[in-house]
Amino acid sequence: MGIGSRHDWRHDGALVVQYTLGKRFAVSAVWEFISGARFTPVIGQYAIVAPTLTGVDLVPVYADINSVRLANAHRTDLGLKFRSRPGVNSRWSGSPVYNTCNRANPIGITIEQDETTNELRYQQPGLFGLIPFISYGFMF
Amino acid sequence: MLTVLVYGCIPDPLEVSGIPVVPKQIVVTTQMVPDRSLIVLLTRTFGALEASEDSDPQEVLDQIAVTDAVVTLEGPTGTSTLQALGNGF
């Protein structure tokens, strides 16, 4: 029984480091690595006569199924946490940053046209880049 | 503002390497209207990076059309040679 190509992650790991600075501050760092997913890209085209006899239609030519692997995906998340009120009714705030290196974690392969040279090239776009955010929590 | 922030942080896409090259092959397509006509189109396969949706269809066809072929039909009544109409047809 096979598995879907999008779930074919040969290697999947994460490195997590957390350190407490005194009673109020804490820092954390996460580095996650996932090997590239398998992909079946369009590598060519050929023309056939259109059924309506009004011209030609282009039919894509695909590579062998799952023969191409996307680039490995890895990202680094950093976090800083501040506890303003230790104890039972504690409050804390943080300023984590997702994907600190702003690296594209590819979700597929597209064909893009260069605006200056009009040449076509393959690219692997990512979905989310660097995202800083603020978190706040409390206990009661 | 959050949307602007998130949009501004979209990472640059990664370049791709190791994509297989499509083998150059002759493509033969036919279409027949019974008792009317028979059309045979001879073209070549071309790479995905050689043409886009913005490309001129006529230019693409000029590049991939096979114009120096002789197409014959063999049947019970003999052999017929089709007339070349240009652009691979």
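Everything numeric here is computed off the predicted structure, so don't read it as measured data. The sequence lines fix the lettering, A, B, ..., with proteins before strands; numbering per chain opens at 1.
- Atom CZ of A/Phe33 sits in a crowded spot, with more than 12 heavy atoms from other residues, nucleotides or ligands closer than 6.0 Å.
- The minimum heavy-atom distance linking A/Pro106 with A/Ala71 is given by the pair CG-O, 3.4 Å.
- Atom CZ of A/Phe82 has more than 12 heavy atoms from other residues, nucleotides or ligands within 6.0 Å.
- With a 4.5 Å cut-off on non-hydrogen atoms, B/Glu15 touches chain A through its backbone and its side chain both.
- If you measure heavy-atom distances from A/Ile111 to chain B, the contacts under 4.5 Å come from the side chain alone.
- A donor-acceptor contact shorter than 3.5 Å links the side chain of A/Thr40 to the backbone of A/Asn66.
- A donor-acceptor pair under 3.5 Å is absent between the side-chain atoms of A/Asn105 and the main chain of A/Arg75, judged by distance alone.
- Counting heavy-atom pairs closer than 4.5 Å to chain B, the top residue among A/Ala47, A/Gly126, A/Ser67 is A/Ala47.
- Within a 6.0 Å radius of CG in A/Asp64, other residues, nucleotides and ligands contribute 12 heavy atoms or fewer.
- Using a 4.5 Å cut-off between heavy atoms, B/Thr43 touches chain A through its side chain atoms alone.
- Among A/Pro125, A/Gly44, A/Pro60, the residue making the largest number of heavy-atom pairs under 4.5 Å with chain B is A/Gly44.
- In this structure, the portion of B/Val33 lying under 4.5 Å from any heavy atom of chain A is its side chain and not its backbone.
- Contacts of A/Arg69 with chain B are absent, with no heavy-atom separation under 4.5 Å from either backbone or side chain.
- With a threshold of 4.5 angstrom between heavy atoms, B/Leu14 approaches chain A through its backbone and through its side chain.
- With a 4.5 Å cut-off on non-hydrogen atoms, A/Val49 touches chain B through its backbone and its side chain both.
- Within 6.0 Å of OH in A/Tyr136 there are more than 12 heavy atoms belonging to other residues, nucleotides or ligands.
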